[in-house]
Amino acid sequence: METRELNCIVCPMGCPITVTIENNEVTSVTGNTCPRGEEYAKQEVISPIRTVTSTVKVSGGEWPTVSCKTKSEIPKGKIFEIMDSLKGVSVQAPVKIGDVLIANIADTGVDIVATSNVEVL
Amino acid sequence: MLNYDIVIIGGGPAGLAAAISAKDSGVDSILILERDKELGGILNQCIHNGFGLHTFKEELTGPEYAGRFIEQVYDRNIEYKLNTMVMDISSDKVVTAMNRTDGMIQIQAKAVILAMGCRERSRGALNIPGYRPAGIYSAGTAQRLVNREGFMPGKEVVILGSGDIGLIMARRMTLEGAKVKVVAELMPYSGGLKRNIVQCLEDFGIPLKLSHTVVDIEGRDRVKAVTIAKVDSNNKPIPGTEERYECDTLLLSCGLLPENELSKSAGVDLSMVTNGPVVNDSLETNVPGIFACGNVLHVHDLVDYVSEEATTAGKNASDYIRNTASASSDKQVKINTECGVRYSVPVFVRPDKMNDKLTVRFRVGNVYKNVNLCVYANDTLLMKLPKKVMAPGEMEQVILLKSKLNEIADLNTITIKIEEA
């Protein structure tokens with residue numbers, strides 16, 4: 001049996017939550033004051049997910065970089081692998097919001113899409 | 001002299017939403033003046049997500065959120081000038097601005113909407129001792145360098161202040177390969193959103209030291225080390241608690257100040273608490289026809305609320321143009337804030353002219369748990385809202401109903417305060 005201490009992020013209350021886990025299954029959630037806290041805590045201890053936002057280089061654009069994100073949430077453990085995969089990438093201007101810059105980043109099944117427009121210089 | 005019905009100072013989230021709303025309220029002659037080379041304001045460098053949950057019911061990044069408003073400005077053919085610096089606004093609403101193509105221009109407006117946003121508190125304003133080497137940046141400057149210019153300002157970082165931009169930059173610099181050694185916060189609580197504490201610091205094992213401040217910066221040419229120390233209840237450093245961190249960069253995220261130099265030149269009264277204009281329920285300042293919205297009025301945590309406020313300002317400015325009878329003759333009732341409530345926006349309410357529902361936003365001065373938020377009209381209790389938690393970092397609001405206020409005989413004050421449960 002394992003216990004994890006979390007700070008809930010669902011609302012400004014920031015309840016301190018204690019989760020107990022057995023065989024990768026949540027057996028109890030305490031400290032939360034609402035059902036949303038329980039849901040968050042379960043997700044966070046079993047398979048935490050995040051959206052990664054970053055930038056990649058652009059050539060021939062009015063800006064040297066374009067902002068981008070994972071189109072949906074990815075496992076938290078993949079964050080640095082994704083950052084490494086973005087390092088050498090350079091795309092050609094123009095770039096539009098929503099353009100797929102890299103498909104299936106770090107084998108997550110999730111695409112990296114542009115989140116800003118970069119016009120040709 | 002150019003002539004426009006509404007001139008909007010600033011093309012960030014507030015200016016864009018105000019312009020769209022004014023246009024949709026039937027005003028065609030609108031000009032947005034923006035000093036940067038593009039519309040969107042600070043959102044363009046806020047590449048993290050979490051924007052727009054209220055407005056669009058989805059989580060967008062800053063540039064995506066701005067993009068949706070910029071598209072609406074384009075669709076409506078609203079005029080704007082980029083790379084244009086406003087130098088002066090007069091009390092009779094002549095706007096003096098300059099740029100490289102037009103030179104110096106003067107614009108007579110029927111109404112002006114102030115949407116200049118805010119500025120970060122600088123090292124000079126913080127009185128941090130030590131040398132003045134390179135490597136000290138405001139968190140927002142670092143954000144611009146990393147996210148827009150593609151340039152990392154340092155490798156080993158200490159951050160002073162746990163405002164949201166500082167927290168966001170702690171994560172951003174870490175993702176880009178820097179080592180963020182510590183975030184020091186003067187107050188015994190963080191000024192940032194809980195979500196950012198968890199996802200920007202805890203996710204990466206970055207320590208947050210509350211009740212700590214910077215007491216020394218070393219390095220003549222470049223930052224070499226920063227010393228932080230614990231502070232007592234009067235925010236004075238406690239000798240013997242110093243911790244030295246070798247680093248090449250210090251980021252400052254110590255609060256935002258509404259940028260109101262232009263408002264002052266127009267004769268607009270400013271609040272001593274917010275540093276923003278004192279406005280009535282239509283977001284109009286003491287100068288008839290000059291309105292304010294967004295972070296120039298008071299610093300918001302959520303851009304969604306900026307857009308909402310600016311939409312109101314745009315509509316009210318267009319109403320003002322159509323009915324130039326000055327609001328100054330209307331009866332105004334002051335909103336007093338006491339017992340932990342630091343300020344309110346608006347400050348004045350016109351019970352006869354106000355909309356049926358008025359959103360009053362405010363901040364509290366400390367962390368409060370299990371209290372009642374009370375609103376009085378004269379001595380009559382209008383509202384008693386139980387609050388599990390209130391914190392300075394989270395903007396609060398109450399909604400005043402015109403019908404309720406008009407039931408009160410001889411209404412002369414409205415009071416918002418915190419009472420023990």
Side-chain angles (χ1 to χ4, degrees), chain A residues 4-17 33-34 37 40-41 44 48-59 61-73 76-77 79-87 90 95-99 113-119 121, chain B residues 37-40 43-51 59-68 70-71 143-152 168 171-172 174-177 189-190 193-204 301 367 369-370 387-396:
Chain A
R4 285 268 308 276
E5 308 283 332
L6 299 175
N7 271 315
C8 187
I9 62 162
V10 174
C11 84
M13 280 287 287
C15 296
I17 301 182
T33 49
C34 78
Y40 164 76
E44 187 64 15
I49 50 173
R50 298 287 186 269
T51 298
V52 176
T53 61
S54 189
T55 55
V56 295
K57 289 199 177 79
V58 176
S59 52
E62 52 175 349
W63 292 96
T65 61
V66 61
S67 58
C68 60
K69 68 176 181 184
T70 53
K71 198 171 178 188
S72 56
E73 285 157 323
K76 185 181 152 189
I79 293 176
F80 280 99
E81 206 180 315
I82 289 172
M83 288 304 297
D84 278 343
S85 314
L86 290 178
K87 255 178 200 160
S90 179
V95 186
K96 293 273 170 236
I97 292 175
D99 285 359
V113 294
T115 57
S116 53
N117 300 318
V118 177
E119 303 296 335
L121 185 65
Chain B
K37 67 178 182 181
E38 59 188 353
L39 295 173
L43 285 173
N44 289 323
Q45 69 182 52
C46 299
I47 65 165
H48 52 282
N49 68 329
F51 300 90
E59 277 198 60
L60 302 173
T61 63
E64 290 173 306
Y65 185 94
R68 297 208 177 178
I70 293 169
E71 286 300 323
Q143 189 179 45
R144 167 121 183 167
L145 290 171
V146 177
N147 292 346
R148 300 293 273 159
E149 320 275 347
F151 173 85
M152 274 290 279
I168 293 287
R171 173 175 64 188
R172 185 75 187 112
T174 304
L175 288 178
E176 288 294 343
Y189 49 83
S190 165
L193 300 173
K194 197 93 205 169
R195 164 198 169 98
N196 286 336
I197 305 274
V198 171
Q199 298 199 346
C200 300
L201 299 186
E202 291 174 11
D203 270 8
F204 302 99
D301 342 296
V367 178
K369 290 204 169 162
N370 297 314
K387 290 277 179 182
K388 280 188 172 179
V389 66
M390 295 170 95
E394 313 261 354
M395 190 183 280
E396 296 281 344

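Please read these numbers as outputs of a predicted model, since none were measured by experiment.
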Subject >> Smallest separation among heavy atoms of G150(B) and P64(A), with atom names >> reply: N-CG, 4.4 Å
Subject >> Closest non-hydrogen atom pair, T65(A) against R148(B) >> reply: OG1-O, 3.4 Å
Subject >> Toward chain A, the part of Q45(B) with a non-hydrogen atom under 4.5 Å >> reply: neither
Subject >> Toward chain A, the part of Y65(B) with a non-hydrogen atom under 4.5 Å >> reply: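 For Y65(B), no heavy atom lies under 4.5 Å from chain A.
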Original post:
Using non-hydrogen atoms only, which part of I79(A) is less than 4.5 Å away from chain B: side chain, backbone, both, or neither?
Top reply: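 When you check distances to chain B, only side chain atoms of I79(A) fall under 4.5 Å.
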Subject >> chain B contact via K87(A) - which portion, at a heavy-atom distance below 4.5 Å >> reply: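 Neither part.
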Original post:
Which one, E149(B), M390(B), R171(B), leads in non-hydrogen pairs under 4.5 Å with chain A?
Top reply: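 The residue among E149(B), M390(B), R171(B) with the greatest pair count is E149(B).
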Original post:
Looking at V198(B), I47(B), V146(B), L193(B), which makes the most heavy-atom pairs under 4.5 Å with chain A?
Top reply: I47(B)
Atom pair [atom1]/[atom2] of [X] and [Y] - distance to nearest 0.5 Å:
X       : Y       : atom1 : atom2 : value
N49(B)  : T115(A) : CG    : OG1   : 9.5 Å
E71(B)  : N117(A) : CD    : CG    : 7.0 Å
S116(A) : E38(B)  : OG    : CD    : 8.5 Å

Original post:
Side chains of S54(A) and R172(B): is there a donor and an acceptor less than 3.5 Å apart?
Top reply: yes
Original post:
Just wondering, do K69(A) and H48(B) contact through their side chains at under 4.5 Å, heavy atoms?
Top reply: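 H48(B) does not reach K69(A) side chain to side chain.
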Subject >> Side-chain heavy atoms of I9(A) within contact of Q199(B), under 4.5 Å >> reply: yes
Original post:
Picking from I97(A), N7(A), I82(A), which has the most non-hydrogen pairs under 4.5 angstrom with chain B?
Top reply: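 If we count pairs closer than 4.5 Å to chain B, N7(A) comes out on top.
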**OP:** Apply side-chain hydrogen bond (donor to acceptor under 3.5 Å, both in side chains) to T61(B) and list each qualifying residue two or more places apart in sequence or on a separate chain.
**Re:** E64(B)
Subject >> Partners meeting side-chain hydrogen bond (donor to acceptor under 3.5 Å, both in side chains) with E44(A) (sequence neighbours left out) >> reply: R50(A)
**OP:** Would you check if the side chain of T55(A) reaches a backbone N or O of N147(B) as a donor-acceptor pair within less than 3.5 Å?
**Re:** no
Original post:
Please walk me through it: do F80(A) and T174(B) pass side-chain contact (heavy atoms from CB on, under 4.5 Å)?
Top reply: CA-CA 10 Å; F80(A) 280 99; T174(B) 304; 4.1 Å; yes
Original post:
Would you find more than 12 non-hydrogen atoms of other residues, nucleotides or ligands less than 6.0 Å from K387(B) atom NZ?
Top reply: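 Enclosed: over 12 neighbouring heavy atoms sit under 6.0 Å from NZ of K387(B).
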